[in-house]
Amino acid sequence: MPVPVRTLAATLALSSTLFVGAAACSTSSTAQEASAYIAVATPSPTTQAERQKFAKARFVANAGLAAGATYQWIVKPWKAGAFKKGAKGRSAAMIKAGLAGTFAYNRLKAAQRNAQGDPALSKALAPLGAAIDALKGLPPRLRAGDESAASPFNDVIGKVKKAGSSAGAPVANQVPTARQLAGG
């Protein structure tokens with residue numbers, strides 16, 4: 001004989017409430033005994049040199065992705081005239097440029113956070129904070145068809161590459177996949 005779903009749901013809710021109430025009313029010694037049997041892995045400490053190495057590697061990866069997206073979907077179409085009114089494929093180029101602009105801004109902010117883990121990178125990137133923040137308003141302008149929005153992306157990427165090279169972390173363009181671009 002099948003049991004109605006409402007009866008099962010009510011029984012489950014009632015038993016859960018009783019179980020939680022009983023657990024809350026138990027003594028703290030029971031909780032201490034239970035925690036004694038739970039093994040938690042402790043992470044191994046990372047040295048300052050390893051943290052700096054990882055910071056540089058992450059900076060290079062994030063800045064490279066930002067540079068690749070900017071060059072592939074903003075600078076190249078801009079130089080080819082794909083953003084001009086009446087250009088063939090203008091709408092697709094604008095949509096891709098808007099996505100690439102958002103992606104590049106996101107990766108540049110991540111690279112900026114990564115640079116804080118390395119003193120040389122942090123010092124080299126410090127003057128670029130305002131320029132990176134100024135890119136936040138450009139992707140909507142790119143989507144709207146403003147051709148002048150492509151130049152600041154190119155300029156900031158060039159400055160980030162130069163700052164990375166001066167700090168011993170040269171940045172090479174890495175074109176992101178369409179999935180990475182759509183994911184932000």
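All values derive from a computational prediction rather than experimental measurement.
In this structure, the side-chain hydrogen bond (donor to acceptor under 3.5 Å, both in side chains) partners of N114, at least two apart in sequence or on a different chain, are N62. Applying the salt bridge (charged side-chain N to carboxylate O under 4.0 Å, His left out) rule to D155 yields no partners; only residues at least two apart in sequence or on another chain are considered. With sequence neighbours excluded, the residues satisfying side chain to side chain contact (heavy atoms under 4.5 Å, CB included) with T177 are R179, Q180.
Taking both residues in full, the closest heavy atoms of A124 and P127 are given as O-CD, 3.5 Å, listed atom of the first, atom of the second, then distance. Summarising the geometry of A69 relative to L181, their closest heavy-atom pair is CB-CD1, 4.5 Å, with the distance given to 0.1 Å. Across all non-hydrogen atoms, the minimal contact from F153 to A104 is CE2-CB, 4.1 Å.
Taking 4.5 Å as the limit, some side-chain heavy atom of L128 sits within range of a side-chain heavy atom of L125.
The CD atom of Q112 lies 9.0 Å from the OG atom of S122; values are rounded to the nearest 0.5 Å. To the nearest 0.5 Å, atoms CG (N106) and CG (L135) are separated by 12.0 Å. Put simply, CD1 on I95 and CH2 on W73 are 14.5 Å apart, with the number rounded to the nearest 0.5 Å.
Here salt bridge (charged side-chain N to carboxylate O under 4.0 Å, His left out) pairs that include residues 124-141, with residues two or more places apart or in two chains, are K109-D133, R141-D146.
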Anything under 3.5 Å between a donor and an acceptor, one on a side chain of residues 156-176, the other on a protein residue two or more places apart or in another chain? List them.
residue, atom, partner, partner atom, Å
K161, NZ, N173, OD1, 2.6
S165, OG, K161, O, 3.2
S166, OG, A163, O, 2.8

Can I get a per-line list of side-chain donor-acceptor pairs under 3.5 Å for residues 75-90, giving both atom names and the distance, sequence neighbours left out?
residue, atom, partner, partner atom, Å
W78, NE1, E147, O, 3.4
R90, NE, F83, O, 2.9
R90, NE, K84, O, 3.4

TODO: Could you walk me through whether L138 and Y105 pass side chain to side chain contact (heavy atoms under 4.5 Å, CB included), step by step?
DONE: CA-CA 9 Å; L138 293 180; Y105 172 75; over 6 Å; no

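For T70 (side chain) and A66 (main-chain N/O), a donor-acceptor pair under 3.5 Å exists by modelled atom type.
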